[in-house]
Amino acid sequence: MTPPYQVRADYDARTIVVYQAYSSAIADAALRAGRFVAPFSFHRMTWIKPSFMWLMHRSNWARKPGQERVLAVRMTREGWEEALSQAVPTTADPAAVARAAVHVQWDPERSPRGAALNHYSIQVGIGRHLIRTFADDWVVGLTDLTPRVRKASELIRTGQVAKAQRLLPVERVYPMDRTLEGAVLPRG
């Protein structure tokens, strides 16, 4: 049985993949530049998600207006862990949340058909004071997954879930030390 709170991700020795959904204007500019550039906003929090399925639920498989493009954002594990070390759960004292450079929340993980599962997926909000560091120092690559998302979505719609699952990224438990776990795992 999967523990209720556990970070699962696609990662290697140096990097971790997080997912974001954007409008075509933002995605195209970022992909052309190889990094986030305007019209990406450097003045508001951006939420990154290591769970591909949670982002599929959130973006309705890249069909939600303004979220028609899905990017795999490869970032350094050092940056990911730095962000987590500064995290404050969104359920904490409102004053602490307001001051926090990074927000963390947990939402039910999703199946390919969108059903809520019995375990949770982490969402990490990078605040506007860290957004340049995220974009300029931590992000090392961007990949447009939109064609794969559309193909998987169509396979699921036509009842071919097993074929669709072969298109989904493989995620496994991300190793975290106790300090990071203490920063991001719910208390109690």
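- The neighbour count for R14 CZ, taken as heavy atoms of other residues, nucleotides or ligands under 6.0 Å away, does not exceed 12.
- Note on ring orientation: taking the six-membered ring where Trp is involved, the planes of F52 and Y19 are perpendicular (angle over 60°, cut-offs 30° and 60°).
- Using a 4.5 Å cut-off on side-chain heavy atoms (C-beta onward), M53 and L117 make no contact.
- Side-chain atoms of R63 do not come within 3.5 Å of backbone N or O of R150 as any donor-acceptor pair.
- Using a 4.5 Å heavy-atom threshold, the side chains of V124 and I126 count as touching.
- Using a 4.5 Å cut-off on side-chain heavy atoms (C-beta onward), F134 and V73 make contact.
- Taken to the nearest 0.5 Å, the CD1 atom of I48 stands 8.0 Å off from the CD1 atom of I16.
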Working for side-chain contact (heavy atoms from CB on, under 4.5 Å), residues L84 and V102: CA-CA 7 Å; L84 295 184; V102 177; 5.8 Å; no

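- R172 CZ: more than 12 foreign heavy atoms inside a 6.0 Å radius.
- No side-chain donor from either of E78 and T76 sits under 3.5 Å from a side-chain acceptor of the other.
- Note: the hydrophobic cluster containing V184 also contains L180 (ILVMFWY, side chain heavy atoms under 4.5 Å, direct or indirect links).
- F40 places none of its side-chain heavy atoms less than 4.5 Å from the side chain of R35.
- Counting heavy atoms from C-beta outward, V70 and L55 have side chains that approach closer than 4.5 Å.
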Between W138 and E82, is a side-chain contact (heavy atoms from CB on, under 4.5 Å) present by the stated rule, with each step listed? CA-CA 10 Å; W138 298 346; E82 175 62 26; 3.7 Å; yes

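- S85 places none of its side-chain heavy atoms less than 4.5 Å from the side chain of T179.
- Note that NZ of K49 and CD1 of I122 are 11.5 Å apart. Values are rounded to the nearest 0.5 Å.
- Scanning both residues, Y174 and E81, for their nearest heavy atoms gives OH-OE2, 2.6 Å.
- Remark: the backbone N or O of H103 is not paired with any side-chain donor or acceptor of W47 at under 3.5 angstrom.
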Pair M56, R110 - check side-chain contact (heavy atoms from CB on, under 4.5 Å), show working. CA-CA 8 Å; M56 293 306 93; R110 298 295 169 154; over 6 Å; no

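- Shortest non-hydrogen contact noted between A101 and L130 is CB-CD1, 4.1 Å.
- Nearest heavy atom pair, residue S41 against residue I131, reads O-CG1, 4.3 Å.
- Cluster annotation: W106 and M176 are assigned to the same hydrophobic cluster (Ile/Leu/Val/Met/Phe/Trp/Tyr, side-chain heavy-atom contacts under 4.5 Å, transitive).
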Carefully, step by step, assess T2 and R8 under the rule side chain to side chain donor-acceptor pair (under 3.5 Å). CA-CA 11 Å; T2 303; R8 289 170 304 282; over 6 Å; no

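- Nearest heavy-atom pair, P89 versus V97, reported as atom, atom and distance to 0.1 Å: O-CG2, 3.4 Å.
- A 6.0 Å sphere centred on CD of E181 holds more than 12 heavy atoms belonging to other residues, nucleotides or ligands.
- Under the 4.5 Å side-chain criterion, counting only non-hydrogen atoms from C-beta, S51 is in contact with E109.
- The number of heavy atoms from other shown groups lying within 6.0 Å of NZ (K64) is above 12.
- Residue-environment remark: CG (N118) stays at or below the threshold of 12 foreign heavy atoms within 6.0 Å.
- Smallest separation of non-hydrogen atoms from S23 and E68: CA-OE1, 3.5 Å.
- Ion pairing of E154 with K151 is absent here, as no side-chain N (NZ or NE/NH1/NH2) approaches a carboxylate O to less than 4.0 Å.
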Any chance you could lay out the side-chain contact (heavy atoms from CB on, under 4.5 Å) test for L31 and L71, step after step, and finish with the verdict? CA-CA 9 Å; L31 290 164; L71 299 183; 3.9 Å; yes

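- Pairing each heavy atom of R74 with each of D12, the nearest pair is NH1-OD2, 3.6 Å.
- Interatomic distance, CD1 of I26 versus CZ of F36, reported as 9.0 Å (0.5 Å rounding).
- Put simply, CD on Q20 and CG on L145 are 12.0 Å apart, with the number rounded to the nearest 0.5 Å.
- Within the 4.5 Å cutoff, the side chain of Y11 has heavy atoms near those of the P175 side chain.
- Rounding to the nearest 0.5 Å gives a distance of 11.0 Å between CD of Q6 and OG of S121.
- In this structure, W80 is not a member of the same hydrophobic cluster as V17, with clusters built from ILVMFWY side-chain heavy atoms closer than 4.5 Å.
- Taking NE2 from H119 and OH from Y5, the interatomic distance works out to 12.0 Å, rounded to the nearest 0.5 Å.
- Side chain of Q86 to main chain of A100: no donor-acceptor pair is present (N/O by atom type, distance under 3.5 Å, no hydrogens or angles).
- Following chains of ILVMFWY side-chain contacts shorter than 4.5 Å, one cannot reach V88 starting from V7, and the two form parts of different hydrophobic clusters.
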